[in-house]
Amino acid sequence: ELEMGAEYPDARPYFLDENAFKTLYFSGQPVLVIVKSKRLTDFKEKYGPVELRTCRDELCLVSNRAQTERSNRSSVHAF
């Protein structure tokens with residue numbers, strides 16, 4: 001439903017485009033993302049390691065902490 005609603009012109013300020021998402025995701029700030037479990041592999045291929053927080057039904061909550069930690073040269077268990 002969100003994807004469909006994102007197409008309305010008045011919704012644009014509330015949704016990130018691909019470039020804005022990449023900028024935020026790799027900014028070093030903590031970012032949480034809800035990803036459909038069937039798209040998790042594709043997400044990791046596109047954005048690199050993620051920290052898997054939890055999954056319920058068809059949705060997973062992941063963070064960019066693995067990216068942040070990797071850029072800080074700390075060890076982290078990434079999924």
Side-chain angles (χ1 to χ4, degrees):
E1 294 90 23
L2 284 175
E3 186 175 359
M4 191 170 44
E7 299 300 319
Y8 290 105
D10 61 341
R12 286 193 181 112
Y14 302 101
F15 292 89
L16 299 174
D17 64 17
E18 181 77 20
N19 290 330
F21 177 78
K22 285 180 183 178
T23 299
L24 178 62
Y25 192 78
F26 294 110
S27 69
Q29 298 296 315
V31 177
L32 296 172
V33 182
I34 296 173
V35 180
K36 289 183 177 181
S37 57
K38 66 183 180 182
R39 295 186 179 155
L40 189 56
T41 299
D42 294 336
F43 186 87
K44 293 188 301 183
E45 287 175 2
K46 191 170 191 175
Y47 297 106
V50 299
E51 181 180 70
L52 182 64
R53 298 291 182 102
T54 188
C55 288
R56 182 177 295 170
D57 299 322
E58 298 177 8
L59 300 175
C60 294
L61 179 64
V62 299
S63 81
N64 65 337
R65 182 171 176 207
Q67 293 293 332
T68 304
E69 295 294 327
R70 190 166 73 170
S71 68
N72 291 336
R73 300 214 179 265
S74 299
S75 64
V76 66
H77 298 287
F79 176 74

Which pairs pass side-chain hydrogen bond (donor to acceptor under 3.5 Å, both in side chains) with one or both residues in residues 14-23, sequence neighbours excluded?
-> Glu18-Lys46, Glu18-Tyr47
Determine, step by step, whether Tyr8 and Phe15 satisfy the ring pair (Phe, Tyr, Trp, His ring centres under 6.0 Å) criterion, reporting the C-alpha distance in whole Å, the side-chain angles of both residues, the deciding distance to 0.1 Å, and the verdict.
-> CA-CA 11 Å; Tyr8 290 105; Phe15 292 89; over 10 Å; no
Which residues satisfy the side chain to side chain contact (heavy atoms under 4.5 Å, CB included) test with Glu7, sequence neighbours excluded?
-> none
Contacts satisfying disulfide bond (SG atoms under 2.5 Å apart) that involve residues 21-61 (not counting sequence neighbours) are Cys55-Cys60
Heavy atoms, side chains only, cut-off 4.5 Å: are Arg53 and Ser63 in contact?
-> yes
Please round to the nearest 0.5 Å and tell me the distance separating atom CZ of Phe26 and atom CZ of Phe21.
-> 8.0 Å
Excluding Leu61, membership of its hydrophobic cluster (Ile, Leu, Val, Met, Phe, Trp, Tyr; side-chain heavy atoms within less than 4.5 Å) reads Leu32, Ile34, Leu59
Quick one: side chain to side chain contact (heavy atoms under 4.5 Å, CB included) partners of Leu24, sequence neighbours excluded?
-> Leu16, Ser27, Val31
Counterpart residues, side chain to side chain contact (heavy atoms under 4.5 Å, CB included), relative to Arg12 (two or more places apart) | Pro9
